[in-house]
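Take a look at the structure below.
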Amino acid sequence: MKFSLRWLQQIVDLEGIIFSTLAEKLIISGFEIGNIIYNSAANDILFDLTTTANRQDVLNVIGLAREISCLFNRPLMYKFYKDSIANHIDSLNLLNNNISLLDLSLVQMNYIHNNVSPLWLQYYLSSYGINPSNLLIDISEYIYLKWGQSIQIFDINKISSLPVHYSLFSLQKINHNLLSSPSIQLEVLKYDNFILSTIGFYINPSIYCDVSTNSIIVFGQVCNKKYIKNMQKQLNVSTDLSKKCLNLGSRSDFVNAFYETVQLIGSFGCGVLGKFYRYSKLYYMPKTIILEKSRVNNILGSVRAGLYSCLTVKEIINLLESLNFVVIYDELKNLFKIRVPINRKNDIKRPIDIIEEIGRIYGFSKFISKMPSICKNKRFVYNVFIDKIYQVRYLLRHLGLNEVQNYSLYDNTIFHNKNEITIFNPLVQDQSYLRSTLIGQLITNQQNNLRQCNKNIEIFEIGKIFRLNLSSVRLTTTCSLFESLSLSGLIANSVFLRQSWSDKPQSLSWFHAKGIIEEFLDKLEVIAVWRKVNGLYEGSLFSNAIKLLKINRTAIIYNINNQEIGVFGQLRNYYGASTYIFEFDFMKLMSSVKSDNHINSIIFPYSSYPSVTRDVSLTLNNYSSIYSVKQYIYSFKNSLIESVEVFNHYKNHDSDFYNIGLRIIYRAHNRTLNYHDLNRINQEIENLLNQYKSS
């Protein structure tokens with residue numbers, strides 16, 4: 001739909017708003033703008049606007065002005081005509097069970113001067129590419145552009161030579177061949193036995209107005225769009241009138257559109273107004289949508305820093321009321337009860353639609369979209385740390401291990417370490433120590449499973465461990481305690497693999513278990529060095545775990561800075577055959593992850609608009625390079641070119657020529673490509689073919 005900025009300014013206050021700002025706001029709100037024409041002579045800007053099928057209410061001047069009014073919080077300035085023209089309206093008695101019409105209004109006007117339209121009306125129609133004809137026809141076209149309503153004007157003298165009796169107007173279902181489909185029953189508007197209109201498809205051309213018309217009937221209608229679509233499908237016919245009916249604006253604007261038509265004819269045609277007649281079906285019951293305040297906050301996020309970072313209740317209510325929603329807020333349940341206006345009943349059906357409207361009108365650009373600085377906010381440092389824990393959990397689960405959780409308090413029946421912390425007044429005996437390693441409880445988990453005949457145990461745990469600082473005990477009379485986060489695991493599988501399907505399954509070997517840990521470290525991007533253990537030594541971070549392992553099947557794991565980060569080995573036989581354990585200091589493990597800061601990443605914005613692809617086949621001589629062809633294409637200086645790729649390249653060795661297939665992709669970042677873009681693309685392709693024709 002084409003729009004004139006000059007005429008929009010007559011309806012909504014756009015003072016101080018430049019066109020680029022207006023266009024950007026409309027694009028962010030979900031509309032597409034293209035084919036912009038600057039008319040310096042008339043001080044006007046013309047532009048095309050397209051939208052989704054559920055926002056047809058915007059494809060007229062009043063609808064777009066109403067939308068701009070909400071987006072910029074500017075007042076509307078159009079006039080309501082109803083109260084100033086008609087004080088009494090009679091009802092029309094039409095077909096009670098009709099399915100084609102929602103509204104119908106009729107009024108007779110006499111002594112009309114159907115002369116030339118005023119200059120402002122002629123310019124208005126010309127700016128939309130419509131040639132002015134005469135006053136009555138031009139007013140009908142003007143009303144459709146402004147209000148999106150279908151208002152027709154008939155010549156009374158071509159209908160009947162007698163005075164009009166409104167009781168003779170009727171809506172009937174008949175079979176006729178006006179649309180070459182005599183077998184289909186359609187609803188028609190008749191005066192006596194004379195067919196005026198096939199509802200939504202056809203108007204009898206014999207009753208159109210001409211320059212000699214002096215008595216008219218102004219005829220306005222709002223058709224049922226479901227009826228029009230159904231009839232189009234049955235008839236396999238689409239007329240100009242049916243397209244207009246399907247693209248009508250809001251039904252709530254019909255009365256104002258009809259009365260402005262009457263007012264314009266009376267002002268410029270000097271007609272005498274008759275009595276108004278109207279038929280109208282009941283409006284739909286307004287739909288009420290329940291919306292939780294928390295859901296608005298979770299989806300839209302923050303708009304400011306501080307205590308009230310999200311939109312407040314008052315702000316949300318003001319935004320919705322500017323769109324003519326009726327809003328009630330329940331403070332006890334923290335939810336909104338929202339009644340949808342009639343002009344938005346087609347596109348506002350769910351709570352998420354309401355949230356989208358709130359964000360669209362408030363401005364998506366005002367919502368905070370940048371991640372907060374990690375170094376300035378400890379809370380987000382903690383969140384990053386939690387993400388690391390989730391990553392480790394995901395990797396170990398992907399490798400087939402199951403996560404377990406044990407208490408920090410336990411009974412050291414498996415082994416006793418002098419650096420363990422004792423509870424002075426334990427509630428129960430088996431919770432008398434703070435654990436200094438996670439391995440002991442994992443072994444207990446294994447023993448419990450073995451008693452239940454579960455032999456294949458592959459488990460891990462991430463948890464805190466607690467130790468005494470023995471060096472401080474020797475130097476001072478007081479001892480210090482410290483806690484750290486540990487990652488431990490136990491793997492035992494008696495049917496891990498088989499050489500072929502006929503062989504007996506074999507248990508997990510030391511090298512297989514080591515391979516699982518190496519794969520985990522590789523996926524975590526840790527560069528590790530494995531070193532054997534020659535004997536027990538107290539200085540190791542993992543001395544408690546080493547005491548449980550076979551020395552000749554134990555390895556200490558170091559990072560590239562020669563720091564101990566973990567231990568891996570096989571448990572002694574009395575803890576179970578072919579059982580392997582591993583333990584890592586979690587913080588040292590995470591600090592050993594290699595950084596990717598050396599990667600020089602380039603980020604390009606991704607366009608959500610569709611692309612246009614052109615495949616070109618060229619024949620080049622052996623002295624021409626593909627690179628030169630690409631450079632020639634880029635020399636077109638077309639910002640829509642996204643990429644040029646070779647998808648085919650073949651050559652006959654006995655020939656001095658070779659062939660290439662090029663795929664050129666065009667795409668815009670802010671709109672869908674239009675007719676003029678495609679013409680330019682086709683011209684560029686033609687120039688490319690002409691350039692290499694001689695080759």
Side-chain angles (χ1 to χ4, degrees), residues 1-6 8 18-53 55 58-59 64 126-131 145 243 247 602-621 624-649 658-695:
M1 180 71 181
K2 186 183 292 294
F3 289 94
S4 163
L5 182 63
R6 178 176 173 182
L8 281 170
I18 60 176
F19 178 74
S20 59
T21 303
L22 173 64
E24 181 182 1
K25 191 76 170 181
L26 289 172
I27 291 171
I28 293 175
S29 299
F31 304 102
E32 293 186 24
I33 292 180
N35 195 23
I36 302 171
I37 301 174
Y38 296 88
N39 188 347
S40 57
N43 191 25
D44 194 10
I45 299 176
L46 302 175
F47 60 94
D48 290 335
L49 183 139
T50 56
T51 184
T52 54
R55 290 305 310 273
V58 181
L59 294 183
L64 181 58
S126 299
S127 64
Y128 283 85
I130 300 174
N131 294 322
L145 293 173
K243 293 177 182 177
N247 293 329
I602 300 176
I603 300 174
F604 291 97
Y606 178 77
S607 174
S608 58
Y609 293 92
S611 63
V612 171
T613 303
R614 292 289 185 268
D615 290 344
V616 184
S617 179
L618 300 176
T619 301
L620 308 177
N621 58 44
S624 299
S625 67
I626 297 176
Y627 175 78
S628 64
V629 176
K630 287 186 175 182
Q631 291 301 111
Y632 177 72
I633 294 173
Y634 285 120
S635 70
F636 295 154
K637 295 182 179 180
N638 189 343
S639 61
L640 301 177
I641 297 178
E642 184 177 80
S643 63
V644 181
E645 300 293 339
V646 178
F647 69 87
N648 204 350
H649 182 196
Y658 67 97
N659 297 88
I660 62 170
L662 292 176
R663 175 160 295 161
I664 310 174
I665 298 178
Y666 300 84
R667 192 196 308 264
H669 286 273
N670 59 349
R671 58 184 173 84
T672 301
L673 301 185
N674 55 35
Y675 177 78
H676 298 286
D677 296 326
L678 296 179
N679 280 343
R680 181 184 176 185
I681 291 171
N682 293 334
Q683 184 62 45
E684 290 176 352
I685 298 298
E686 185 177 347
N687 294 340
L688 177 65
L689 295 175
N690 292 334
Q691 172 71 17
Y692 291 94
K693 182 182 296 184
S694 59
S695 298

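As the structure is a prediction and not an experimental result, all values here were calculated from the model.
Using a 4.5 Å heavy-atom cutoff, the side chains of Arg680 and Asn638 are in contact. Residues Tyr658 and His649 are in side-chain contact: their nearest non-hydrogen atoms beyond the backbone lie under 4.5 Å apart. For the pair Leu26 and Leu49, the minimum side-chain heavy-atom distance is below 4.5 Å. At least one side-chain heavy atom of Thr613 sits under 4.5 Å from a side-chain heavy atom of Arg663. Ile660 has its side chain out of reach of Thr619: every pair of non-hydrogen atoms, C-beta onward, lies at least 4.5 Å apart. For the pair Phe47 and Asn35, the minimum side-chain heavy-atom distance is 4.5 Å or more.
With rounding to the nearest 0.5 Å, the separation of CZ in Arg614 from CD1 in Ile664 is 9.5 Å. From Ser126, atom OG reaches atom CD1 of Ile130 across 9.0 Å, with rounding to the nearest 0.5 Å. Between atom CG of residue Leu620 and atom CD1 of residue Ile626 there is a gap of 7.0 Å, rounded to the nearest 0.5 Å. Between Ser617 atom OG and Asn648 atom CG the span is 8.0 Å, to the nearest 0.5 Å. In this structure, Leu662 CG and Leu688 CG are separated by 7.0 Å, a value rounded to the nearest 0.5 Å. Atoms CG and OH, on Asp677 and Tyr666 in that order, are 11.0 Å from each other to the nearest 0.5 Å.
Taking all atoms of both residues into account, the shortest heavy-atom contact from Ser127 to Leu46 is O-CD1, 3.4 Å. Taking both residues in full, the closest heavy atoms of Ile27 and Tyr609 are given as CG2-OH, 4.0 Å, listed atom of the first, atom of the second, then distance.
The environment of Phe647 atom CZ is dense: over 12 non-hydrogen atoms of other residues, nucleotides or ligands sit within 6.0 angstrom. Heavy atoms of other residues, nucleotides or ligands lying less than 6.0 angstrom from CD of Glu24 number 12 at most.
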May I have the step-by-step check of side chain to side chain contact (heavy atoms under 4.5 Å, CB included) for Ile665 and Val644, ending in yes or no? CA-CA 7 Å; Ile665 298 178; Val644 181; over 6 Å; no
Run the numbers on Ile36 and Ile45 for side chain to side chain contact (heavy atoms under 4.5 Å, CB included), then give the verdict. CA-CA 7 Å; Ile36 302 171; Ile45 299 176; 3.9 Å; yes
Could you go through the side chain to side chain contact (heavy atoms under 4.5 Å, CB included) check for Leu22 and Ile33 one step at a time? CA-CA 10 Å; Leu22 173 64; Ile33 292 180; over 6 Å; no
Let's go through Thr50 and Leu59 carefully: what are the C-alpha distance in whole Å and the side-chain angles of both, what is the deciding distance for side chain to side chain contact (heavy atoms under 4.5 Å, CB included) to 0.1 Å, and is it a yes or a no? CA-CA 8 Å; Thr50 56; Leu59 294 183; over 6 Å; no
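Using a distance-only test at 3.5 Å, with no hydrogens or angles considered, a donor-acceptor pair links the side chain of Ser29 to the main chain of Lys25. Checked by atom type and distance alone, the side chain of Asp44 pairs as donor or acceptor with a backbone atom of Arg6 at under 3.5 Å. Panel note: side chain Asn682, backbone Asn679; no donor-acceptor pair is recorded below 3.5 Å.
Remark: the Asn687 side chain and the Gln691 side chain contain no N/O donor-acceptor pair separated by less than 3.5 Å.
Applying the salt bridge (charged side-chain N to carboxylate O under 4.0 Å, His left out) test to every pair with at least one member in residues 627-643, sequence neighbours left out, gives these pairs: Glu642-Arg667.
Between Phe3 and Tyr128, the two ring planes are perpendicular [angle over 60°; tilted spans 30° to 60°].
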